[in-house]
Each structure stands twice: as structure tokens, then as C-alpha cells.
Amino acid sequence: MWKSRADKLPPPQFFADLIAHLGNLYPEAVIDDALVRRLWDVWVAEWRNGQNAQDTAKATCSCNGKEIVPSAGAGRELGKRLARPPQGTKRGDVVGPQDLREVSPLAAARRDAERIAAKFDDLRRRTIALLAERPWTAARQALLVKHRDSLQSLSKLHEEAVARYRATRQERRNAGLPAYYEKPLGAVGLNLRADELPTAPTVEQKPPKEKKPPKEKKPPKEKKPPKEKKPPKEKKLPREKKRPKEAEASGEDSGADQKTADCECKDPARKKAAVVVPQLPPPLPMAAYVRPAAPEKAPGRKRPSEPAAPVASPASPLSEDEAEVLANLFAAAADSDEKK
């Protein structure tokens, strides 16, 4: 017994290869869980003694005790990795023949065939349900044609996947190598036929709709008479000019007096006599406009500031026009006092 394998169990791959070898060596033998459990201890002991799956399969034989015959696997190369153990299997788990998995090339082709077969069955079921619907219309007929085209394409894909599976298996046999472990055919053995559908009913054509009579034309609307033009608006009379406030208060018309006063003022002789120019005060000296300088501050304690002297503003003389207007006002006031 190998010390490195003492008190240990074989890996799951050991049992997967061993069962595949026995299936190739004894194709007519029944290999099931009962056989695996009966020979479990023998196989574990062979593995602990350093035997691999091939040698263990060769040693799994018996004779009748009288005649010695060579084992079926004696002198043969049985190969490796002919099958895969179940996914998630650990050391010490019993691996049954029905739990084995195919190698990757066969498993990939089988998965494609099973996936396409499932799609084909689902689409075929929906197509049969469509054929049972009534009334049968042109839209349902177009959908049926579409489903049949899809079934034809799925059938071709399924045939390609099955061909890959069979080609991989046949290449192994033609090369004289040990055969891979194979599961029952299942979807690989199906023959999908898209023409196995009931016939479609005829499209029920609806009777054409009766044409509606044309609508009666409405009589034309009467035109409304034109609106009468409005008469032109009367022009407003000009407003009377307001009389001056002084004339309204006295109740007399002072227009003639004002004209007389204006005429008298325009006479140069009377204008000179009437104009009285008031005498203006003499101009102030320039010293009155200049602010006196502040006295120099003496060092020491500050004195309170004295208020500044007011600056006399010079009198602005009257211009000739202002003097003339002022004289006219005095003359008009004197005339009105004489009349009173």
C-alpha cells in the first residue's frame, strides 16, 4: 500500500474512468449501482496499492478455477478521460453509472440538440393552438407562415447538432481508440419534422361594406346686407378765450386801456419821461468780499473758536429791459388809480 494513499479514497474521476472502461470491456454486462457497491472495497484497495483506473478495470475479472484465461483488458490500452464524474462529487461519494457525464465534445453537441428540440416543441405547441383559433383571418394566416418558417430553420439546426455528435463519436471509433462514455440518445435521436402540422383552414372573407350614399349639399348661406355708414361727426366749436383775472374782478374791459398804455410806452418822448430809473447803491469795496485771515494760534491751551462774520452779498444791478418792464408796470398802476 502506498503511504501517500493510506486512509484516503479515490477521486471521482477514478470511478468515472473505471465504469467507462468496464462498459467498453464488457458491453453485454449489466453495470449498475449494485455492482459498484459490491466491488467498491476491491476498487478502493486496488487504488491504494497504486493502481489506476485502467489497471483496476483489467483486474476486475474471474475464472472458473480450472481454466486460466486472459482478462479482456489484458494487453490493451484502455485510454483516459472517457467520461466525467457528476458535478459537485467529492472523494468517497458513490458514483453511479447513470450519473456520469459525457466528455466535452459530445456534451456540447448534445446540449445544442436538446436546446433546439425544446424550442421546436414550444413553437410547435403554439402553432397548433393558433390553428385552433376562429375565425381564421389573414393576420393569423401570415403568423402561421412565419411559425412554419421558424420550425423549418430549427429543424435544420437540430440536424446539424446531431451530425456533430455522431461525427465526434465516429472519429473516435475510426481511429481505433476506446469509445467515449455515451448517454442514451434522448434529443440526439429525435427527428424533428416541421410538416407534421394540421392543415390551415381557409381565410373567411368578409362581405364588402355597402357604400354610404353621398351627403346632401347644404344650401348656400344668404349674404348679409352691408352695414350703413355712420354720419360724419360734427366739428366742435372753438372754445372762447378766458378773460384775465383782473378784468373779471373789476368787471371792466381793460383791453383798450392796456393798448393805450402800450402805445404811450412806445412813444420815445413819453417813454423817456415815464421811465424812472431807480438809483442803485454804490458798489461795495473789494475788501467786503474778502474774508479776513484768521489770527495765528498761540502755543498752549486752545481757545474757543469765534463765529465767522457774515459776508455781505453785493447788490445785483437791473438791466435795461428789466428797468423798462418795471416802469411800464408803474405807469399802468398810476393810470388805473386816476380813473378810479
Side-chain angles (χ1 to χ4, degrees), residues 111-162 187 190-263 265-266 319 321-322 324-325 328-329 332-333 336 339:
R111 278 196 304 269
D112 292 344
E114 291 176 349
R115 176 177 54 82
I116 295 169
K119 285 186 177 181
F120 184 90
D121 292 341
D122 180 63
L123 184 58
R124 190 173 185 277
R125 178 183 53 79
R126 287 189 286 137
T127 305
I128 294 175
L130 175 66
L131 289 170
E133 295 180 0
R134 294 293 183 276
W136 190 253
T137 59
R140 289 192 173 96
Q141 180 67 27
L143 185 59
L144 175 62
V145 173
K146 185 178 179 181
H147 283 356
R148 281 181 171 172
D149 294 342
S150 300
L151 289 173
Q152 291 287 349
S153 61
L154 288 174
S155 178
K156 291 180 181 179
L157 293 175
H158 182 266
E159 291 176 0
E160 293 175 0
V162 173
L190 294 178
N191 186 15
L192 305 181
R193 295 185 59 183
D195 55 348
E196 295 179 349
L197 292 173
T199 57
T202 57
V203 179
E204 299 178 3
Q205 295 182 355
K206 294 182 179 180
K209 293 183 179 180
E210 297 180 359
K211 293 184 179 181
K212 295 182 180 180
K215 294 183 179 180
E216 297 180 358
K217 293 184 179 180
K218 295 181 179 180
K221 294 182 179 180
E222 297 180 359
K223 294 183 179 180
K224 294 182 179 181
K227 293 182 179 180
E228 296 180 359
K229 293 182 179 181
K230 294 182 180 180
K233 293 182 180 180
E234 296 180 359
K235 293 183 179 181
K236 294 182 180 180
L237 298 175
R239 294 182 180 180
E240 296 181 358
K241 295 182 179 180
K242 293 183 179 180
R243 300 172 65 185
K245 293 182 180 180
E246 295 179 359
E248 291 177 0
S250 60
E252 297 178 1
D253 190 5
S254 59
D257 299 339
Q258 187 68 25
K259 288 180 180 179
T260 307
D262 292 341
C263 294
C265 291
K266 290 178 181 179
S319 61
D321 295 338
E322 292 175 348
E324 182 179 354
V325 173
N328 292 338
L329 292 177
S336 61
K339 288 180 181 181

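Using a 4.5 Å heavy-atom cutoff, the side chains of L197 and L151 are in contact. Contact check for T127 versus L144: side-chain heavy atoms found under the 4.5 Å cut-off. Using a 4.5 Å cut-off on side-chain heavy atoms (C-beta onward), L157 and F120 make no contact. Side-chain contact between K119 and L123 is absent, with no heavy atoms from C-beta onward closer than 4.5 Å.
If you take CD on Q152 and NE2 on H147, they are separated by 14.0 Å, rounding to the nearest 0.5 Å. Annotation: the span from K218 atom NZ to K215 atom NZ amounts to 8.5 Å, rounded to 0.5 Å. For the atom pair CG of L143 and CD of E133, the computed distance is 8.5 Å after rounding to the nearest 0.5 Å. The line from CD of Q141 to CG of L131 is 9.0 Å long, rounded to the nearest 0.5 Å.
Closest of all the heavy-atom pairs between L192 and S155 is O-OG, 2.9 Å. For the residue pair H158 and A187, the shortest heavy atom distance occurs at NE2-O, 2.9 Å.
The closest donor-acceptor contact from the side chain of W136 to the backbone of T202 lies at 3.5 Å or more, if one exists at all.
Between E159 and K156 there is no salt bridge, since none of the side-chain N atoms of the basic residue sits less than 4.0 Å from a carboxylate O of the acidic one. A salt bridge is defined here as a Lys NZ or Arg NE, NH1 or NH2 lying under 4.0 Å from an Asp or Glu carboxylate O, and R126 with D122 meets this definition.
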